[in-house]
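Worksheet for the structure shown next.
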Amino acid sequence: MTETSDPATRKAPKRRERYLSGIQSSGDLHLGNYFGAIRQHLDLQVAGESYYFLANYHALTTIHDKEQLARYTFDAAATYLALGLDPEVAILFRQSDVPEVCELTWLLLTATPMGELERAVSYKDKVQRNIAASAGLFTYPVLMAADILGYDATTVPVGKDQVQHLEMAREIARSFNHQYGEKVFVEPEARLGTAPVVPGLDGQKMSKSYGNSIPIFVSGKPLKKLVGKIVTDSKSLGDPLDPETCNVFALYSLFADDEEKAEMAERYRAGAVGYGDAKKALMEKIEETFADARARYEHLRSHPDEVEEILRAGGAKAREVCREVTDRARAACGVA
Ligand code: ADP
Ligand code: TRP
């Protein structure tokens, strides 16, 4: 039994920490996903109830190949597990294993002001980057609100790009609660980690859909090739370099401790390091930091049944919670 609502009053339960977050399974998970989101998720799994999922319904806004979608979804689950998600402690599931979330999306759509969606920066940004402007892409934030509100989540650990979506989820919760005069949904809060925006190869936000990402488990030659592509200015070897504006330094800083960072910054300013050396140092950090997890990842990829079993069990638990919240919403609006 879950404790998500009081059936006598259909009121949302008293607030206590429940962490929830999703990652689209639309490509290989990358350093931005790790430092912006996953690292927080792993830290929080011991701090309170945690629900983490692979957002494959959301990924349908960009991926239209069924095998690719299934593979990305599996790989994202294996990535979480390899990095240390403990399925005995946190609930890991596939978004589509909880179809109630689509039902809840419809109920929420009827309480979503058009203006909210029209103001969404990420929709405009994606369309500008040639992602097809489907109605699914436009209403994406409402499915995301259902993901969050459907589990009475209190805290949503995400990167900075998702803060506006969180504001929308709060607004939708308020609007629905107001419309039906009942506190059906909990208003969630965003939680940012220490690296809310990780730059990509081109200096823009790293993203699966922008072709500028470094996957977490890439190594050897392919890693070298990617790191080689990180955009820098054209200063020559021996010139003083500015660590503050350098993408290589920004990425290196994510891995380095304070002393290593200070030392690298000093070498930049003194002209004692070229971009080639800095890239080499970054590459070594990536290889070394994820070495153990990479081995676990390869193991899981060759044992898909282990992953599938974890997702199935997680999905069943998550579904129970979301069903109960969805029933609460149905009852509030009179479609029960
Ligand atoms: P992508 O933009 O690569 O498709 P998602 O949208 O699925 O990634 O993001 C999953 C999580 O990772 C979200 O919490 C998001 O804020 C975070 N995230 C994605 N890219 C970055 C980044 N470059 N820096 C910090 N956090 C990020
Ligand atoms: N929209 C999020 C992203 O692109 C992924 C996501 C879907 C999500 N549903 C969510 C994140 C619910 C947090 C909570 O990053």
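Numbering starts at 1 and runs along the sequence shown. In each ligand, atom 1 is the first atom listed, and ligand 1 is the first ligand listed.
For atom 27 (C) of ligand 1, the nearest non-hydrogen atom from the set G32, P196, A55, S122 belongs to G32. When A37, A190, S213, A76 are ranked by how near their heavy atoms come to atom 11 (C) of ligand 1, first place goes to A37. With atom 3 (O) of ligand 1 as the reference point, the heavy atom nearest to it among K126, K208, Q40 is part of K208. Distances from atom 19 (C) of ligand 1 to the heavy atoms of N33, L254, L29, L31 show the closest one on N33. Taking each of R191, M206, Q24 in turn, the one with a heavy atom nearest to atom 6 (O) of ligand 1 proves to be Q24.
Look at H30 and you'll find a heavy atom under 4.0 Å from some atom of ligand 1. By the 4.0 Å heavy-atom criterion, S209 is excluded from the residues contacting ligand 1. Ligand 1 lies within reach of A195, whose nearest heavy atom is under 4.0 Å from it.
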Which N or O atoms of ligand 2 sit under 3.5 Å from a protein N or O, and how far apart is each pair?
{"unit_1": "ligand 2", "atom_1": "1 (N)", "unit_2": "Y140", "atom_2": "OH", "d": "2.7"}
{"unit_1": "ligand 2", "atom_1": "1 (N)", "unit_2": "Q162", "atom_2": "OE1", "d": "3.1"}
{"unit_1": "ligand 2", "atom_1": "4 (O)", "unit_2": "Q24", "atom_2": "NE2", "d": "3.3"}
{"unit_1": "ligand 2", "atom_1": "4 (O)", "unit_2": "Y140", "atom_2": "OH", "d": "2.8"}
{"unit_1": "ligand 2", "atom_1": "4 (O)", "unit_2": "Q162", "atom_2": "NE2", "d": "3.3"}
{"unit_1": "ligand 2", "atom_1": "9 (N)", "unit_2": "D147", "atom_2": "OD2", "d": "2.7"}
{"unit_1": "ligand 2", "atom_1": "15 (O)", "unit_2": "Q162", "atom_2": "NE2", "d": "3.2"}

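L282 and I216 fall within a single hydrophobic cluster, where Ile, Leu, Val, Met, Phe, Trp and Tyr are joined by side-chain heavy atoms under 4.5 Å apart, directly or via other members.
Aromatic ring centres of Y151 and F185: separated by at least 6.0 Å. Annotation: Y123 is not in aromatic contact with Y140 [ring centroid separation under 6.0 Å not met]. If you look at Y51 and Y19, their ring centroids are not closer than 6.0 Å.
Relative orientation of the F290 and F217 rings is perpendicular, given thresholds of 30° and 60° on the angle between their planes. Classification of the H299-H303 ring pair by plane angle, with boundaries at 30° and 60°, yields parallel.
Here the side chain of Q24 pairs no donor or acceptor atom with the backbone of N56 at under 3.5 angstrom.
Some N or O of V198 is nearer than 3.5 Å to an N or O of ligand 1, by distance alone.
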